[in-house]
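Sequence lines set the chain letters: A, B, ... in the order given, protein chains first and strands last, and positions in each chain run from 1.
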Amino acid sequence: MHTWLMKSEPTAFSIQDLARAVKKTTHWEGVRNYQARNFLRAMQLGDEALFYHSNADPSAVAGIVKIVREAYGDSTAWNPKSDYYDPKASPDNPIWSMVDVQLLRIFPREIALEELRGIKSLVGMELLRRGSRLSVQRVTASQFRTIKSLATNNRVDAVG
DNA sequence: GCCAACGTTGGC
DNA sequence: GCCAACGTTGGC
(Lines give C-alpha, C1' and ligand atoms only; values in the text may rest on other atoms or scores of the structure.)
Protein backbone atom coordinates (compact mmCIF):
# COMPACT_ATOMS: atom_id res chain seq x y z
CA MET A 1 0.00 0.00 0.00
CA HIS A 2 1.14 3.50 -0.80
CA THR A 3 0.17 6.67 0.97
CA TRP A 4 -0.67 10.04 -0.51
CA LEU A 5 -1.90 13.52 0.24
CA MET A 6 -4.71 15.12 -1.75
CA LYS A 7 -5.60 18.80 -1.55
CA SER A 8 -9.01 20.34 -1.83
CA GLU A 9 -10.21 23.81 -1.05
CA PRO A 10 -13.02 23.34 1.46
CA THR A 11 -15.06 26.08 -0.21
CA ALA A 12 -15.06 23.89 -3.32
CA PHE A 13 -15.24 20.44 -1.70
CA SER A 14 -14.56 19.73 1.97
CA ILE A 15 -14.16 16.52 3.90
CA GLN A 16 -17.58 17.27 5.39
CA ASP A 17 -18.99 17.32 1.86
CA LEU A 18 -17.43 13.91 1.36
CA ALA A 19 -19.04 12.65 4.58
CA ARG A 20 -22.44 13.63 3.16
CA ALA A 21 -21.84 12.07 -0.26
CA VAL A 22 -23.50 8.82 -1.33
CA LYS A 23 -21.40 5.95 0.05
CA LYS A 24 -19.06 8.70 1.34
CA THR A 25 -17.41 8.38 -2.05
CA THR A 26 -16.52 10.90 -4.75
CA HIS A 27 -14.72 11.24 -8.07
CA TRP A 28 -11.47 13.15 -7.53
CA GLU A 29 -11.93 15.26 -10.63
CA GLY A 30 -10.27 18.35 -12.02
CA VAL A 31 -6.58 17.59 -11.57
CA ARG A 32 -4.89 19.49 -14.42
CA ASN A 33 -1.23 19.11 -13.62
CA TYR A 34 0.79 16.32 -15.21
CA GLN A 35 2.79 15.37 -12.15
CA ALA A 36 -0.33 15.22 -10.00
CA ARG A 37 -2.11 13.23 -12.71
CA ASN A 38 0.73 10.73 -12.83
CA PHE A 39 0.40 10.24 -9.09
CA LEU A 40 -3.33 9.60 -9.55
CA ARG A 41 -2.44 6.95 -12.12
CA ALA A 42 0.02 5.32 -9.73
CA MET A 43 -2.61 4.92 -7.03
CA GLN A 44 -3.80 1.43 -6.28
CA LEU A 45 -6.98 0.08 -4.73
CA GLY A 46 -6.72 0.31 -0.98
CA ASP A 47 -4.09 3.06 -0.96
CA GLU A 48 -4.80 5.72 1.63
CA ALA A 49 -4.51 9.47 1.32
CA LEU A 50 -4.51 12.38 3.73
CA PHE A 51 -7.31 14.80 2.90
CA TYR A 52 -5.84 18.30 3.08
CA HIS A 53 -7.87 21.49 3.20
CA SER A 54 -5.92 24.11 1.27
CA ASN A 55 -6.64 27.83 1.21
CA ALA A 56 -8.52 27.30 4.44
CA ASP A 57 -8.58 28.92 7.86
CA PRO A 58 -6.45 27.28 8.91
CA SER A 59 -5.15 25.05 6.13
CA ALA A 60 -4.99 21.60 7.67
CA VAL A 61 -5.05 17.85 7.26
CA ALA A 62 -8.65 16.93 8.02
CA GLY A 63 -8.81 13.15 7.68
CA ILE A 64 -8.10 10.08 5.60
CA VAL A 65 -9.62 8.68 2.41
CA LYS A 66 -9.16 5.37 0.66
CA ILE A 67 -8.78 4.76 -3.07
CA VAL A 68 -11.78 2.68 -4.12
CA ARG A 69 -11.37 2.97 -7.89
CA GLU A 70 -8.11 3.27 -9.75
CA ALA A 71 -7.47 5.96 -12.37
CA TYR A 72 -9.82 6.39 -15.33
CA GLY A 73 -10.58 9.22 -17.74
CA ASP A 74 -11.71 12.47 -16.14
CA SER A 75 -14.92 13.19 -18.04
CA THR A 76 -15.05 16.80 -16.82
CA ALA A 77 -12.16 17.42 -19.24
CA TRP A 78 -14.40 16.97 -22.29
CA ASN A 79 -17.44 18.68 -20.82
CA PRO A 80 -17.50 22.26 -22.21
CA LYS A 81 -19.69 23.32 -19.31
CA SER A 82 -17.19 22.17 -16.71
CA ASP A 83 -14.77 24.51 -14.97
CA TYR A 84 -12.16 21.88 -15.75
CA TYR A 85 -12.86 21.74 -19.49
CA ASP A 86 -9.85 21.02 -21.67
CA PRO A 87 -10.57 21.28 -25.41
CA LYS A 88 -7.72 18.88 -26.18
CA ALA A 89 -9.36 16.06 -24.20
CA SER A 90 -11.95 13.60 -25.49
CA PRO A 91 -13.34 10.20 -24.46
CA ASP A 92 -10.85 8.60 -26.89
CA ASN A 93 -8.01 10.70 -25.55
CA PRO A 94 -8.90 11.60 -21.96
CA ILE A 95 -5.51 13.21 -21.18
CA TRP A 96 -6.60 13.71 -17.57
CA SER A 97 -7.40 11.09 -14.98
CA MET A 98 -9.40 10.79 -11.82
CA VAL A 99 -9.80 8.21 -9.09
CA ASP A 100 -12.66 7.50 -6.71
CA VAL A 101 -12.03 8.01 -3.02
CA GLN A 102 -14.06 6.98 -0.03
CA LEU A 103 -13.95 8.63 3.38
CA LEU A 104 -12.18 6.50 5.97
CA ARG A 105 -12.21 8.94 8.86
CA ILE A 106 -12.48 12.56 9.80
CA PHE A 107 -9.82 13.35 12.38
CA PRO A 108 -11.13 14.31 15.85
CA ARG A 109 -9.03 17.41 15.38
CA GLU A 110 -7.49 18.93 12.28
CA ILE A 111 -3.73 19.15 12.05
CA ALA A 112 -2.95 22.64 10.86
CA LEU A 113 -0.09 23.39 8.51
CA GLU A 114 1.58 25.46 11.22
CA GLU A 115 1.57 22.49 13.57
CA LEU A 116 2.99 20.20 10.91
CA ARG A 117 5.84 22.62 10.40
CA GLY A 118 6.78 22.14 14.03
CA ILE A 119 7.18 18.37 13.81
CA LYS A 120 10.79 17.36 13.42
CA SER A 121 10.08 14.02 11.78
CA LEU A 122 8.11 15.77 9.04
CA VAL A 123 11.01 17.92 7.88
CA GLY A 124 11.33 17.34 4.15
CA MET A 125 7.68 16.50 3.61
CA GLU A 126 6.53 17.75 0.21
CA LEU A 127 3.62 19.72 1.67
CA LEU A 128 6.02 21.71 3.84
CA ARG A 129 8.39 22.57 1.03
CA ARG A 130 8.56 26.24 0.18
CA GLY A 131 6.42 26.93 -2.87
CA SER A 132 4.84 23.48 -2.83
CA ARG A 133 1.71 23.57 -4.96
CA LEU A 134 1.21 20.02 -6.12
CA SER A 135 -2.38 18.98 -5.41
CA VAL A 136 -1.59 15.26 -5.26
CA GLN A 137 1.55 14.29 -3.40
CA ARG A 138 3.36 11.21 -2.19
CA VAL A 139 3.61 10.78 1.57
CA THR A 140 5.96 8.28 3.17
CA ALA A 141 4.55 5.60 5.46
CA SER A 142 6.24 7.19 8.45
CA GLN A 143 4.96 10.68 7.62
CA PHE A 144 1.50 9.22 7.25
CA ARG A 145 1.75 7.42 10.58
CA THR A 146 3.06 10.52 12.33
CA ILE A 147 0.17 12.68 11.15
CA LYS A 148 -2.37 10.00 11.98
CA SER A 149 -1.11 9.73 15.52
CA LEU A 150 -0.99 13.52 15.90
CA ALA A 151 -4.69 13.60 15.16
CA THR A 152 -5.51 11.33 18.07
CA ASN A 153 -2.69 12.31 20.40
CA ASN A 154 -2.36 15.79 21.84
CA ARG A 155 1.12 15.06 23.10
CA VAL A 156 2.85 16.48 20.06
CA ASP A 157 6.23 15.86 21.64
CA ALA A 158 5.50 12.14 21.71
CA VAL A 159 5.91 11.89 17.96
CA GLY A 160 7.87 15.04 17.15
C1' DG B 1 15.15 24.99 -27.37
C1' DC B 2 15.20 29.40 -24.89
C1' DC B 3 12.82 32.34 -22.09
C1' DA B 4 9.52 36.23 -21.21
C1' DA B 5 4.85 36.69 -20.36
C1' DC B 6 1.09 35.02 -18.33
C1' DG B 7 -2.15 32.40 -15.29
C1' DT B 8 -2.71 29.77 -11.11
C1' DT B 9 -1.91 28.15 -6.45
C1' DG B 10 -2.09 28.86 -1.88
C1' DG B 11 0.16 30.74 2.43
C1' DC B 12 -0.05 34.71 4.82
C1' DG C 1 -5.87 41.17 -1.12
C1' DC C 2 -0.92 40.52 -1.80
C1' DC C 3 2.54 38.21 -3.88
C1' DA C 4 6.16 34.43 -4.28
C1' DA C 5 6.61 30.27 -6.49
C1' DC C 6 5.59 27.54 -9.99
C1' DG C 7 3.74 25.51 -14.52
C1' DT C 8 2.42 26.50 -19.16
C1' DT C 9 2.31 28.93 -23.45
C1' DG C 10 4.01 30.75 -27.48
C1' DG C 11 7.15 33.90 -30.13
C1' DC C 12 11.44 33.71 -31.90
Do A:Tyr84 and A:Asn79 have side-chain atoms, one donor and one acceptor, less than 3.5 Å apart? no
At 4.0 Å (heavy atoms only), tell me whether A:Arg129 reaches a base, stays on the sugar-phosphate, or touches nothing. sugar-phosphate
With distance as the sole criterion, is a donor-acceptor pair present between the side chains of A:Asp74 and A:Thr76 under 3.5 Å? yes
Scan residues 2-14 of chain A against DNA chain C and write down, sorted by residue number, each residue with any heavy atom closer than 4.0 Å; if none is found, say none. none
How close or far is atom P of B:dT9 from atom CG of A:Asn55, stated in whole angstroms? 9 Å
For this output row, return yes or no: ring centroids of A:Trp4 and A:Phe51 closer than 6.0 angstrom. no
Expected output: side-chain A:Ser132 to main-chain A:Glu126 donor-acceptor under 3.5 Å: yes
Taking atom C1' of C:dG7 as reference, at what distance in whole Å does atom CH2 of A:Trp96 sit? 10 Å
Spacing between A:Gln35 atom CD and B:dT9 atom P, to the nearest angstrom: 15 Å
Please state how far atom CG in A:Asn33 lies from atom P in C:dT9, giving the value in whole angstrom units. 11 Å
Does a side-chain N or O of A:Ser59 approach OP1 or OP2 of B:dG11 to a distance below 4.0 Å, or not? yes
Answer yes or no: does a side-chain N or O of A:Tyr52 lie under 4.0 Å from OP1 or OP2 of B:dG11? yes
Rounded to whole Å, how long is the line connecting atom NE2 of A:His53 with atom P of B:dT9? 17 Å
Starting from the 5' end of DNA chain C, give me the residue, A:Lys88 or A:Gly131, whose nearest nucleotide shows up first. A:Gly131
Between A:Pro94 and A:Tyr72, is there a side-chain heavy-atom distance shorter than 4.5 Å? no
Rounded to whole Å, how long is the line connecting atom CG of A:Leu134 with atom C1' of B:dG11? 16 Å
Carboxylate-amine/guanidinium contact A:Arg117 A:Glu114, below 4.0 Å: no
Take atom CZ of A:Arg133 and atom C1' of B:dG11, then tell me their distance rounded to the nearest Å. 12 Å
Using a 4.5 Å cut-off on heavy atoms from C-beta on, say whether the side chain of A:Val31 contacts that of A:Met98. no
Interatomic distance, A:Arg32 CZ vs C:dT9 P [rounded to whole Å]: 13 Å
